[in-house]
Amino acid sequence: MATTKLQNKLANLPQEPGVYFHKDSQGKIIYVGKASVLKNRVRQYFQKSRNRDPKTEALVKEIADIDWITVDTEMDALFLEAEMIKRYKPKFNIALKDDKSDLYVRIDLKSSHPTVNYSRVPLDDGADYFGPFQARAELRRALKYLRRVFPYDHKKTSGKRVSLNYHIGLSPGLEEGRTSLDDYRSNLRLLIRYLKGHRVDLIKLLKSEMTQAADRQDFELAAKKRNQLNALLALRQQVVFSDREFLDASKDEALADLANLLNLPAAPRRIEGYDISHMSGTDTVASMVV
């Protein structure tokens with residue numbers, strides 16, 4: 001049962017993206033999560049219709065307080081969550097993980113052909129690693145969007161002709177010298193700044209560089225910075241994880257409606273469906289879906 005203090009916090013949750021912190025009675029952070037709408041996501045933990053597994057049930061019983069940080073985009077929430085989990089190491093973030101290992105973003109700036117890819121284990125190889133990220137699908141989707149703003153290669157390309165990715169704005173085009181190695185590295189440094197949560201500073205930087213290029217009448221560079229800035233601002237509209245979040249909310253609502261329809265005391269924890277088929281009375285086959 002939520003305390004009065006906790007109920008007041010739940011009543012004042014914002015309808016913005018952000019990262020939330022569940023705390024125990026001693027004020028220690030026991031879980032960190034992200035949300036596209038903090039008000040909706042955090043309240044789900046305390047819904048009577050919520051069909052929770054035993055580990056989540058144990059988490060909810062220990063929640064005595066909640067805090068949160070609001071951000072501008074789902075992308076910001078994804079990367080801030082990873083940073084906060086790394087900083088506080090909450091016990092339930094570890095307990096609620098699945099059996100798969102975390103994922104890291106690997107950027108090898110020092111290479112003669114820098115790449116951006118993923119790794120399950122950080123190595124002592126001179127590359128920069130960012131993470132760990134527990135939301136692997138969301139991370140891959142976020143990097144897909146970021147590649148449009150900060151073009152990069154996943155691997156060193158072979159041959160001297162630029163790849164298709166260059167023509168659709170995803171690759172720097174090192175093969176034909178469309179981008180110099182120094183410019184490519186500078187671009188990756190901007191990506192690193194974004195991964196570290198400096199999106200607002202990046203917007204200011206790109207605006208400044210665009211203005212300076214225009215003042216020098218370097219209109220080609222000014223247009224390039226303008227396009228990069230617009231792509232960066234467009235990230236606010238990109239869906240990174242809210243589709244799954246809204247799906248979970250819809251599932252809860254459907255289970256609650258089913259419980260009301262069948263006059264059940266609570267939402268069902270297990271549902272079985274049966275189907276029996278045959279061919280004119282012979283070759284009978286039955287199946288059950290749980």
Side-chain angles (χ1 to χ4, degrees), residues 17-19 32-36 69 71-90 93-94 97-157 163 165-166 168-174 179 181 183-203 205-206 228 231-232 234-236 238-244:
V19 171
V32 174
K34 63 184 179 306
S36 61
I69 299 174
V71 295
D72 289 334
T73 70
E74 290 186 23
M75 202 91 68
D76 295 342
L78 175 70
F79 295 123
L80 180 60
E81 178 198 38
E83 178 63 28
M84 294 297 100
I85 292 174
K86 182 178 179 180
R87 180 181 302 179
Y88 294 109
K89 297 180 174 59
N93 284 95
I94 298 172
K97 283 199 307 183
D98 58 25
D99 294 333
K100 298 178 181 178
S101 59
D102 294 323
L103 206 59
Y104 293 81
V105 177
R106 178 183 180 275
I107 302 179
D108 61 336
L109 273 175
K110 299 177 183 178
S111 169
S112 60
H113 191 130
T115 56
V116 178
N117 45 43
Y118 304 100
S119 175
R120 297 202 177 277
V121 180
L123 302 175
D124 186 16
D125 57 1
D128 293 306
Y129 288 85
F130 302 89
F133 294 91
Q134 296 180 0
R136 291 172 294 277
E138 289 89 339
L139 174 63
R140 293 181 186 277
R141 185 183 296 180
L143 264 292
K144 179 181 178 181
Y145 293 141
L146 285 172
R147 193 177 182 188
R148 300 172 187 171
V149 186
F150 311 104
Y152 60 80
D153 286 327
H154 282 305
K155 60 182 179 179
K156 184 176 180 179
T157 55
S163 64
N165 282 330
Y166 170 77
I168 60 176
L170 301 180
S171 171
L174 287 178
T179 300
L181 183 57
D183 286 344
Y184 180 31
R185 285 175 174 157
S186 295
N187 186 62
L188 289 181
R189 291 189 185 97
L190 295 181
L191 173 59
I192 288 173
R193 291 180 67 175
Y194 191 99
L195 295 178
K196 290 182 176 180
H198 302 305
R199 184 181 61 84
V200 175
D201 291 338
L202 276 175
I203 291 174
L205 175 64
L206 290 174
Q228 191 172 28
L232 182 59
L235 293 178
R236 292 181 179 180
Q238 300 294 357
V239 173
V240 179
F241 56 82
S242 61
D243 51 350
R244 174 62 182 272

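Computed over heavy atoms, backbone and side chain alike; hydrogens, waters and symmetry mates excluded. Not measured: the values here are computed from a predicted model.
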Under 3.5 Å: donor-acceptor pair, side chain of D153, backbone of P172: no
Non-hydrogen atoms of A135 and K34 that approach each other most closely: CB-NZ, 3.7 Å
Minimum side-chain heavy-atom gap V71-V19 below 4.5 Å: no
Minimum heavy-atom distance D108-H113, with the two atoms named: OD2-O, 4.4 Å
Shortest non-hydrogen separation from N117 to H154 and the atoms involved: ND2-O, 3.4 Å
side-chain contact (heavy atoms from CB on, under 4.5 Å) evaluation trace for Y145 with M75: CA-CA 9 Å; Y145 293 141; M75 202 91 68; 3.8 Å; yes
Salt bridge present between D125 and R106 (N-O < 4.0 angstrom): yes
Spatial distance of atom CZ (F133) from atom CD (E138) [nearest 0.5 Å]: 11.5 Å
L170 side chain near P151 side chain, heavy-atom distance below 4.5 Å: no
Test: R141 cationic atom under 6.0 Å from F241 six-membered ring centre, within 45° of axis: no
Interatomic distance, T73 atom OG1 to L232 atom CG [nearest 0.5 angstrom]: 9.0 Å
Parallel, tilted or perpendicular: ring planes of F150 versus Y194, cut at 30 and 60 degrees: tilted
Which atom of L139 lies closest to which atom of L78, heavy atoms considered: CA-CD2, 3.9 Å
N/O donor-acceptor pair under 3.5 Å between N93 side chain and V32 backbone: yes
Aromatic contact, F130 with F79 (centres under 6.0 Å): no
L190 side chain reached by Q228 side chain, heavy atoms, under 4.5 Å: yes
Pair R185-R189, side-chain contact (heavy atoms from CB on, under 4.5 Å): steps then yes or no: CA-CA 6 Å; R185 285 175 174 157; R189 291 189 185 97; 3.9 Å; yes
Cation-pi check, R147 onto Y152 ring (under 6.0 Å, within 45° of axis): yes
side-chain contact (heavy atoms from CB on, under 4.5 Å) between Q134 and L103, worked out: CA-CA 7 Å; Q134 296 180 0; L103 206 59; over 6 Å; no
Shortest non-hydrogen contact from S112 toward L181: O-CD1, 3.7 Å
Shortest non-hydrogen separation from P132 to A82 and the atoms involved: O-CB, 3.6 Å
Flag side-chain contact, heavy atom, 4.5 Å: T115 against I107: no
Check against side-chain contact (heavy atoms from CB on, under 4.5 Å), L195 and L146: CA-CA 10 Å; L195 295 178; L146 285 172; 4.2 Å; yes
Non-hydrogen side-chain atoms of K196 and R193 separated by less than 4.5 Å: no
Ion pair D76/R199, N-O distance below 4.0 Å: yes
